[in-house]
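First the structure, in the form of C-alpha cells, and then the observations on it.
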Amino acid sequence: MEARLNLFASPIAAKFGKHLVAAGKVLADSTLPAATQELVKLRASQINGCGFCTDMHTKDAAHAGETQTRLNLVAAWREATVFTEAERAALELTEEATRIADGAGGVPDETWANAAKHFDEEELATLVCAISLINAFNRANVIIRQPAGDYRPGQFA
C-alpha cells in the first residue's frame, strides 16, 4: 500500500507536522516516565488501527528498553500482570479518551480519579496532551493510509 498523500511534499502539511513533532518533544521533557508515554502512544495507536504508529511506538519502546513481553500485552493490559498500577491508570485513561464516541459524556470521573491517584497535575497534563497528540497523528496516518513498517527508531527526532 502506498500513502495517498506525501505530507512532507505539502508546505502546509510539513509545517503542521513540524509543530506536532515539536509538541511531542515538549512532552518528552516532562516528568511523566518515558515508558508510560510509549505505552499510551502504543495503546491509542492500536485502538485507532494506525499500523504506522503501532509499528513506530513498538520499535521506539523496544529501543528504549521495554520488554517484548510487556509490548505483547499492551492490548490486553487489563488482564496482564506486568504493568504497574500507574501504568494501568494511564492505559485506562488512554482508552477512555481515545474511544470518546463509545462513552457519552467523555472520560468517566472514576477513570480520572484513578489517574489522579498516580500522577501529579503536571503529569496529568502531560498524559492529556500525549493522548491528544497521538490521536492526531493516528488520524492523519489513517486518513492518508501511511503504510506500516516504514519507520526506523529516531527517524523523526
Side-chain angles (χ1 to χ4, degrees), residues 1-30 32-80 82-84 86-103 106-107 111 115 119 123-157:
M1 174 172 58
E2 194 170 310
R4 293 173 171 163
L5 177 68
N6 179 351
L7 294 177
F8 297 109
S10 162
I12 293 291
K15 191 174 184 180
F16 181 77
K18 285 181 184 179
H19 287 288
L20 290 177
V21 170
K25 289 182 180 181
V26 169
L27 300 177
D29 292 337
S30 76
L32 185 68
T36 302
Q37 291 188 49
E38 287 302 326
L39 293 173
V40 162
K41 293 174 197 174
L42 178 55
R43 186 63 190 127
S45 299
Q46 291 171 336
I47 292 166
N48 288 324
C50 182
F52 182 85
C53 289
T54 298
D55 176 60
M56 176 171 63
H57 294 297
T58 299
K59 288 176 181 174
D60 282 352
H63 187 72
E66 191 61 74
T67 68
Q68 194 61 52
T69 299
R70 283 170 46 95
L71 292 173
N72 290 344
L73 291 170
V74 169
W77 68 267
R78 290 181 191 275
E79 292 80 27
V82 297
F83 301 106
T84 67
E87 289 167 339
R88 296 169 68 74
L91 289 165
E92 180 182 37
L93 183 61
T94 301
E95 285 195 3
E96 296 287 348
T98 300
R99 293 183 163 139
I100 54 177
D102 296 344
V107 173
T111 299
F119 301 103
E123 291 168 331
L124 285 168
T126 302
L127 268 173
V128 168
C129 293
I131 294 165
S132 300
L133 184 60
I134 191 58
N135 275 286
F137 273 119
N138 290 164
R139 280 148 176 79
N141 285 329
V142 169
I143 291 167
I144 66 165
R145 293 186 179 164
Q146 181 68 38
D150 288 350
Y151 175 74
R152 295 170 309 285
Q155 179 176 353
F156 296 112

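For the single chain, residues carry numbers from 1 onward in sequence order. Remember, predicted model here, so these are calculated numbers, not experimental data.
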Which heavy-atom pair separates Ala28 from Gln37 by the least distance, and what is that distance? N-OE1, 4.1 Å
Residues in side chain to side chain donor-acceptor pair (under 3.5 Å) with Thr67, at least two apart? none
To the nearest 0.5 Å, tell me how far Ile47 CD1 sits from Thr98 OG1. 5.0 Å
Does a side-chain heavy-atom distance below 4.5 Å link Trp77 with Val82? no
Rounded to the nearest 0.5 Å, how far apart are CG of Asn141 and CD1 of Ile144? 5.5 Å
Can you tell me how far the CG atom of Leu20 sits from the CZ atom of Phe137, to the nearest 0.5 Å? 4.5 Å
Electrostatic pair Asp55-Lys59, nearest N-O below 4.0 angstrom: yes
Sorted by chain and number, sequence neighbours left out, salt bridge (charged side-chain N to carboxylate O under 4.0 Å, His left out) with Glu95 holds for Arg43, Arg78, Arg99
Pairwise distance NE2(His57) to CG(Leu71) - rounded to 0.5 angstrom: 12.5 Å
How would you list, by chain and number, every residue that makes a side chain to side chain donor-acceptor pair (under 3.5 Å) with Gln68, sequence neighbours excluded? Asn72
When you measure from the side chain of Arg4 to the backbone N and O of Ile143, does any donor-acceptor pair fall under 3.5 Å? yes
Correct closest heavy-atom pair for Arg139 and Asn135 would be NH1-OD1, 2.8 Å
Please give me the minimum heavy-atom distance between Val74 and Leu42, naming the atom from each residue. CG2-CD2, 3.7 Å
On a heavy-atom basis, which atom in Ala80 and which in Arg88 lie closest, and how many Å separate them? O-NH1, 3.1 Å
Minimal non-hydrogen separation, Ala115 against Ala89, with atom names: CA-CB, 3.9 Å
Please round to the nearest 0.5 Å and tell me the distance separating atom CG of Leu91 and atom OG1 of Thr36. 8.0 Å
Closest non-hydrogen atoms of Leu39 and Arg70, given as atom of the first, atom of the second and distance, are CD1-NH2, 3.5 Å
CD of Glu38 to OG of Ser45, rounded to nearest 0.5 Å, is 9.5 Å
Atom CG of residue position Leu5 - does it have more than 12 heavy atoms of other residues, nucleotides or ligands inside 6.0 Å? yes
